[in-house]
Amino acid sequence: KVLKMGLEPLFIDRRGADWTDDEEYTPIDSALRFEPKEVGVEIIGLAEALRYANEIGMEAIESWNKKLAQRLRSNLSQLPAIQLLDRGSNLCNIITFWVKGKELAEVEAYLKANKIYYSASFKNFAYIDFTKKKVDWAIRFSPHYFNSLAEMDKVGEIIGQL
């Protein structure tokens, strides 16, 4: 009944609609439009993750995450086929990039074959941003405090062979 009435949630995320133009979107034609992407089975580990993070300390986590992100961005920035997409004066530990001359399916198959964890983002997730950057997709790495600098170097080496 709610779908037939054309109702939409107050906040729409990438699961609830597809961006189609700068100021236009098309709601998903199912109840998924009301289900936030960021909630789901991930909530199961939240209590343990909070306990662990508090044990380590937020300042230590922030400091380590910055080192990881700087190292991985540095490694990727040296590769001619990689276009880093992150902008701003204070970047977080989420690194997004596009690979010149490669199709997304090829990049994803390569990452999976090399057991590199990633997520893909698409133009309909961030229409204005992707349009400005002239890309239709991006690979997203999210190194975190349980990763090592050696892993950032290994990922850079593997991506360099793509």
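Hydrogens, waters and symmetry mates play no part in the numbers below; they use all other heavy atoms, side chains included.
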Visitor: Dump the intermediate steps for side-chain contact (heavy atoms from CB on, under 4.5 Å) on Gln161 and Tyr110, then the final yes or no.
Guide: CA-CA 10 Å; Gln161 296 169 14; Tyr110 182 79; 3.4 Å; yes
Visitor: Does a side-chain heavy-atom distance below 4.5 Å link Ile28 with Asp18?
Guide: yes
Visitor: To the closest 0.5 Å, what do you measure between CD1 (Ile61) and CZ (Phe146)?
Guide: 10.5 Å
Visitor: Starting at CG of Leu68, measure out to OG of Ser63 and round the result to the nearest 0.5 Å.
Guide: 9.5 Å
Visitor: Is Arg51 salt-bridged to Glu48, going by a charged N under 4.0 Å from an acidic O?
Guide: yes
Visitor: Please report the closest heavy-atom contact between Leu76 and Ile82, naming both atoms and the distance.
Guide: O-CB, 3.7 Å
Visitor: Do Asp129 and Arg87 touch side chain to side chain, with heavy atoms closer than 4.5 Å?
Guide: no
Visitor: For residues Leu111 and Lys115, determine if any side-chain heavy atom of one lies less than 4.5 Å from a side-chain heavy atom of the other.
Guide: no
Visitor: Between Glu62 and Met58, is there a side-chain heavy-atom distance shorter than 4.5 Å?
Guide: no
Visitor: Tell me the closest heavy-atom pair linking Glu8 and Phe34, and the distance in Å.
Guide: C-CE2, 3.7 Å
Visitor: Any side-chain heavy atom of Glu151 within less than 4.5 Å of one from Pro143?
Guide: no
Visitor: What are the two closest heavy atoms between Ala60 and Ile56, and how far apart are they?
Guide: CB-O, 3.8 Å
Visitor: When hydrophobic residues are tied together by side-chain contacts of less than 4.5 Å, even through go-betweens, does Tyr52 share a cluster with Trp64?
Guide: yes
Visitor: I need the Gln83 CD to Thr96 OG1 distance, nearest 0.5 Å.
Guide: 9.5 Å
Visitor: In Å, rounded to the nearest 0.5 Å, how long is the span from NZ of Lys133 to CG of Asp86?
Guide: 6.5 Å
Visitor: What I'd like to find out is whether the side chain of Tyr127 reaches to under 4.5 Å of the side chain of Tyr25, using heavy atoms alone.
Guide: no
Visitor: Do Trp19 and Lys123 come within less than 4.5 Å of each other through their side chains, counting heavy atoms only?
Guide: no
Visitor: Please evaluate residues Phe141 and Ile159 with respect to the criterion side-chain contact (heavy atoms from CB on, under 4.5 Å), reporting the C-alpha separation (whole Å), side-chain torsions for both, the decisive distance (0.1 Å), and the verdict.
Guide: CA-CA 12 Å; Phe141 288 155; Ile159 297 296; 4.1 Å; yes
Visitor: Of all heavy-atom pairs between Gly156 and Asn75, which one has the smallest distance, and what is that distance?
Guide: CA-CB, 4.1 Å
Visitor: Transitively linked via ILVMFWY side-chain contacts under 4.5 Å: Ile116 with Leu162?
Guide: yes
Visitor: Using only atom types and a distance under 3.5 Å, with no angle test, would you say the side chain of Asn65 pairs donor to acceptor with the backbone of Tyr145?
Guide: yes
Visitor: Indicate the atoms forming the closest heavy-atom contact of Phe130 with Phe122, along with that distance.
Guide: CE2-C, 3.6 Å
Visitor: Other residues, nucleotides and ligands only: do more than 12 of their heavy atoms fall within 6.0 Å of CZ on Arg140?
Guide: no
Visitor: So, taking the atom named CG in Asn114 and the one named CD in Glu157, what distance separates them when rounded to the nearest 0.5 Å?
Guide: 11.5 Å
Visitor: Using the side-chain contact (heavy atoms from CB on, under 4.5 Å) rule, pick out the option among Val99, Val107, Leu85 that qualifies with Ile139.
Guide: Val107
Visitor: If you look at every heavy atom in Lys100 and Pro80, which pair is closest and at what distance?
Guide: NZ-O, 3.5 Å
Visitor: For residues Tyr117 and Asn147, determine if any side-chain heavy atom of one lies less than 4.5 Å from a side-chain heavy atom of the other.
Guide: no
Visitor: Fit a plane to each ring of Trp98 and Trp137, take the angle between them on a 0 to 90° scale, and name the class: parallel (under 30°), tilted (30 to 60°) or perpendicular (over 60°).
Guide: tilted
Visitor: For atom CG of Asp22, decide whether the heavy atoms of other residues, nucleotides or ligands shown that lie under 6.0 angstrom number more than 12.
Guide: yes
Visitor: Quick one: pull up CD in Gln70 and CG in Leu149 and give me the separation to the nearest 0.5 Å.
Guide: 10.0 Å
